[in-house]
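Below is one structure, written out as C-alpha coordinates; the observations come after it.
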Amino acid sequence: MSYAGDLTPQQAWDILAEDPNAVLVDVRTRAEWSYVGVPELSELGKEVILIEWVSFPDGQRNQYFVEQLRDAGVTDDNQVLFLCRSGQRSVGAAQTATADGVAKAYNISEGFEGATDANGHRGVVGWKAQGLPWRQS
(Lines give C-alpha, C1' and ligand atoms only; values in the text may rest on other atoms or scores of the structure.)
Protein backbone atom coordinates (compact mmCIF):
# COMPACT_ATOMS: atom_id res chain seq x y z
CA MET A 1 0.00 0.00 0.00
CA SER A 2 1.39 3.39 -0.97
CA TYR A 3 -0.45 5.44 1.68
CA ALA A 4 -1.07 5.11 5.43
CA GLY A 5 -4.21 2.99 5.12
CA ASP A 6 -7.97 2.81 4.85
CA LEU A 7 -10.40 3.98 7.51
CA THR A 8 -14.13 3.64 8.01
CA PRO A 9 -16.07 6.89 8.25
CA GLN A 10 -16.45 6.37 12.02
CA GLN A 11 -12.70 5.83 12.45
CA ALA A 12 -12.08 9.01 10.48
CA TRP A 13 -14.52 10.96 12.68
CA ASP A 14 -12.80 9.62 15.81
CA ILE A 15 -9.37 10.74 14.54
CA LEU A 16 -10.74 14.17 13.65
CA ALA A 17 -12.23 14.46 17.13
CA GLU A 18 -9.11 13.28 18.97
CA ASP A 19 -6.30 14.89 16.95
CA PRO A 20 -6.51 18.69 16.76
CA ASN A 21 -4.15 18.65 13.76
CA ALA A 22 -6.07 16.04 11.74
CA VAL A 23 -7.79 17.37 8.63
CA LEU A 24 -10.52 16.10 6.34
CA VAL A 25 -10.06 16.72 2.63
CA ASP A 26 -13.13 16.12 0.45
CA VAL A 27 -11.87 15.43 -3.08
CA ARG A 28 -15.24 15.17 -4.82
CA THR A 29 -16.34 17.67 -7.46
CA ARG A 30 -17.99 21.04 -6.96
CA ALA A 31 -21.20 19.54 -8.33
CA GLU A 32 -21.14 16.81 -5.67
CA TRP A 33 -20.48 19.32 -2.89
CA SER A 34 -23.34 21.50 -4.13
CA TYR A 35 -25.97 18.86 -4.85
CA VAL A 36 -25.12 15.94 -2.53
CA GLY A 37 -23.77 17.75 0.53
CA VAL A 38 -20.56 17.91 2.53
CA PRO A 39 -19.38 16.62 5.91
CA GLU A 40 -20.00 19.04 8.76
CA LEU A 41 -17.16 19.42 11.26
CA SER A 42 -18.23 22.55 13.12
CA GLU A 43 -18.87 20.65 16.36
CA LEU A 44 -15.18 19.72 16.25
CA GLY A 45 -14.16 23.31 15.59
CA LYS A 46 -12.92 22.36 12.12
CA GLU A 47 -13.79 22.94 8.50
CA VAL A 48 -13.60 20.49 5.64
CA ILE A 49 -10.96 21.25 3.01
CA LEU A 50 -12.59 21.06 -0.43
CA ILE A 51 -10.20 20.27 -3.29
CA GLU A 52 -11.34 18.52 -6.45
CA TRP A 53 -9.34 15.44 -7.46
CA VAL A 54 -10.96 15.53 -10.91
CA SER A 55 -13.10 18.22 -12.48
CA PHE A 56 -16.73 17.96 -13.51
CA PRO A 57 -17.98 17.26 -16.13
CA ASP A 58 -14.84 16.36 -18.08
CA GLY A 59 -13.22 14.16 -15.40
CA GLN A 60 -9.79 15.70 -15.93
CA ARG A 61 -7.35 15.24 -13.08
CA ASN A 62 -6.63 18.40 -11.10
CA GLN A 63 -2.99 19.14 -11.95
CA TYR A 64 -2.80 21.62 -9.06
CA PHE A 65 -4.02 19.18 -6.40
CA VAL A 66 -0.82 19.09 -4.32
CA GLU A 67 -0.32 22.84 -4.60
CA GLN A 68 -3.91 23.44 -3.45
CA LEU A 69 -3.47 20.94 -0.62
CA ARG A 70 -0.40 22.80 0.61
CA ASP A 71 -2.08 26.19 0.12
CA ALA A 72 -4.89 24.93 2.38
CA GLY A 73 -2.31 24.51 5.16
CA VAL A 74 -1.71 20.75 4.99
CA THR A 75 1.76 19.84 6.23
CA ASP A 76 3.74 16.61 6.30
CA ASP A 77 2.88 16.26 10.00
CA ASN A 78 -0.92 16.35 9.68
CA GLN A 79 -3.08 13.26 9.69
CA VAL A 80 -4.92 13.83 6.41
CA LEU A 81 -8.15 11.94 5.78
CA PHE A 82 -9.30 11.88 2.16
CA LEU A 83 -12.96 11.45 1.26
CA CYS A 84 -14.74 11.01 -2.06
CA ARG A 85 -18.11 9.54 -3.01
CA SER A 86 -17.26 5.85 -2.63
CA GLY A 87 -13.62 5.59 -1.55
CA GLN A 88 -12.05 5.26 -4.99
CA ARG A 89 -10.82 8.71 -6.04
CA SER A 90 -9.63 9.34 -2.49
CA VAL A 91 -7.13 6.47 -2.84
CA GLY A 92 -5.38 8.42 -5.60
CA ALA A 93 -5.42 11.55 -3.46
CA ALA A 94 -3.90 9.69 -0.49
CA GLN A 95 -1.23 8.15 -2.72
CA THR A 96 -0.35 11.53 -4.24
CA ALA A 97 -0.16 13.21 -0.82
CA THR A 98 2.06 10.40 0.45
CA ALA A 99 4.37 10.78 -2.55
CA ASP A 100 4.63 14.48 -1.70
CA GLY A 101 5.72 13.75 1.88
CA VAL A 102 2.51 13.44 3.91
CA ALA A 103 3.28 10.36 6.02
CA LYS A 104 -0.20 9.99 7.50
CA ALA A 105 -2.47 10.19 4.45
CA TYR A 106 -5.56 7.97 4.78
CA ASN A 107 -8.41 6.94 2.51
CA ILE A 108 -11.95 6.84 3.92
CA SER A 109 -12.88 3.58 2.25
CA GLU A 110 -16.69 3.88 2.17
CA GLY A 111 -16.66 7.51 1.07
CA PHE A 112 -19.46 9.99 1.59
CA GLU A 113 -22.26 7.90 0.02
CA GLY A 114 -20.70 4.47 -0.53
CA ALA A 115 -20.66 2.30 -3.62
CA THR A 116 -23.87 1.34 -5.40
CA ASP A 117 -25.89 -1.62 -4.13
CA ALA A 118 -27.50 -4.36 -6.25
CA ASN A 119 -30.25 -1.92 -7.25
CA GLY A 120 -27.79 0.79 -8.31
CA HIS A 121 -28.49 2.95 -5.25
CA ARG A 122 -25.99 4.62 -2.96
CA GLY A 123 -26.37 5.39 0.71
CA VAL A 124 -26.22 1.96 2.36
CA VAL A 125 -22.70 2.65 3.65
CA GLY A 126 -20.54 5.74 3.91
CA TRP A 127 -20.32 8.96 5.92
CA LYS A 128 -24.01 9.84 5.50
CA ALA A 129 -25.26 6.30 6.18
CA GLN A 130 -23.21 6.17 9.39
CA GLY A 131 -25.18 9.17 10.63
CA LEU A 132 -22.10 11.39 10.85
CA PRO A 133 -22.73 15.15 10.61
CA TRP A 134 -23.20 16.59 7.14
CA ARG A 135 -25.01 19.46 5.51
CA GLN A 136 -26.61 20.24 2.22
CA SER A 137 -24.76 23.02 0.41
For side chain to side chain contact (heavy atoms under 4.5 Å, CB included), just list the numbers for Cys84 and Val27, CA-CA rounded to whole Å, side-chain angles, deciding distance to a tenth of an Å, and then say yes or no.
CA-CA 5 Å; Cys84 69; Val27 301; 3.8 Å; yes
Do [X] side-chain atoms and [Y] backbone N/O form a donor-acceptor pair below 3.5 Å?
X: Ser86; Y: Gly111; answer: no
X: Glu18; Y: Ile15; answer: no
X: Lys128; Y: Gly37; answer: no
X: Glu67; Y: Tyr64; answer: no
X: Asn62; Y: Val54; answer: no
X: Trp127; Y: Pro133; answer: yes

For the hydrophobic clusters of this structure (ILVMFWY residues joined by side-chain heavy atoms under 4.5 Å, transitively), does one cluster hold both [X] and [Y]?
X: Ile49; Y: Val66; result: yes
X: Leu7; Y: Val91; result: no
X: Val25; Y: Tyr106; result: no
X: Leu44; Y: Leu50; result: yes
X: Val48; Y: Phe112; result: yes

Pairing of [X] and [Y] as salt bridge, 4.0 angstrom limit:
X: Arg89; Y: Glu32; result: yes
X: Asp26; Y: Arg85; result: no
X: Arg122; Y: Asp117; result: no

Can you tell me how far apart [atom1] ([X]) and [atom2] ([Y]) are? Round to the nearest 0.5 Å.
X: Arg61; Y: Glu52; atom1: CZ; atom2: CD; result: 12.5 Å
X: Phe56; Y: Trp33; atom1: CZ; atom2: CH2; result: 13.0 Å
X: Thr96; Y: Leu69; atom1: OG1; atom2: CG; result: 9.5 Å

Search all heavy atoms of [X] against all heavy atoms of [Y] and return the closest pair with its distance.
X: Leu132; Y: Gln10; answer: CD2-OE1, 3.7 Å
X: Glu110; Y: Pro9; answer: OE1-CD, 3.5 Å
X: Asp6; Y: Ser109; answer: CB-CB, 4.1 Å
X: Ala129; Y: Gly123; answer: CB-O, 3.2 Å
X: Val102; Y: Asn78; answer: CG1-O, 4.0 Å
X: Asn107; Y: Tyr3; answer: CB-CE1, 3.7 Å

[X] and [Y]: side chain donor to acceptor below 3.5 Å:
X: Glu40; Y: Ser42; result: yes
X: Ser55; Y: Gln60; result: no
X: Gln79; Y: Asp19; result: yes

Once the angle between the rings of Phe65 and Phe82 is folded into 0 to 90°, is it parallel (under 30°), tilted (30 to 60°) or perpendicular (over 60°)?
tilted
Please test Val38 against Arg135 for side chain to side chain contact (heavy atoms under 4.5 Å, CB included), starting from the C-alpha separation and ending with a verdict.
CA-CA 6 Å; Val38 293; Arg135 65 178 167 79; 3.6 Å; yes
Go through it in stages, so that I can follow the logic: the residues are Val36 and Glu113, the test is side chain to side chain contact (heavy atoms under 4.5 Å, CB included), and I'd like the CA-CA distance, side-chain angles, deciding distance and then a yes or no.
CA-CA 9 Å; Val36 180; Glu113 299 178 277; 3.5 Å; yes
For the side chain to side chain contact (heavy atoms under 4.5 Å, CB included) test, which of Leu16, Leu24, Ile108, Leu81 pairs with Pro39?
Leu24
Is the shortest heavy-atom distance from the side chain of His121 to the side chain of Thr116 under 4.5 Å?
no
State, yes or no, whether a side-chain contact exists between Asp76 and Lys104 at a heavy-atom distance under 4.5 Å.
no
Run the side chain to side chain contact (heavy atoms under 4.5 Å, CB included) check on Thr8 and Trp13 step by step: do they pass?
CA-CA 9 Å; Thr8 66; Trp13 177 265; over 6 Å; no
Near Arg30 CZ, under 6.0 Å, is it more than 12 heavy atoms from other residues, nucleotides or ligands?
no
Given the ring of Trp53, does Arg28 sit roughly above its face, with NZ or CZ under 6.0 Å from the centre of the six-membered ring and within 45° of the axis?
no
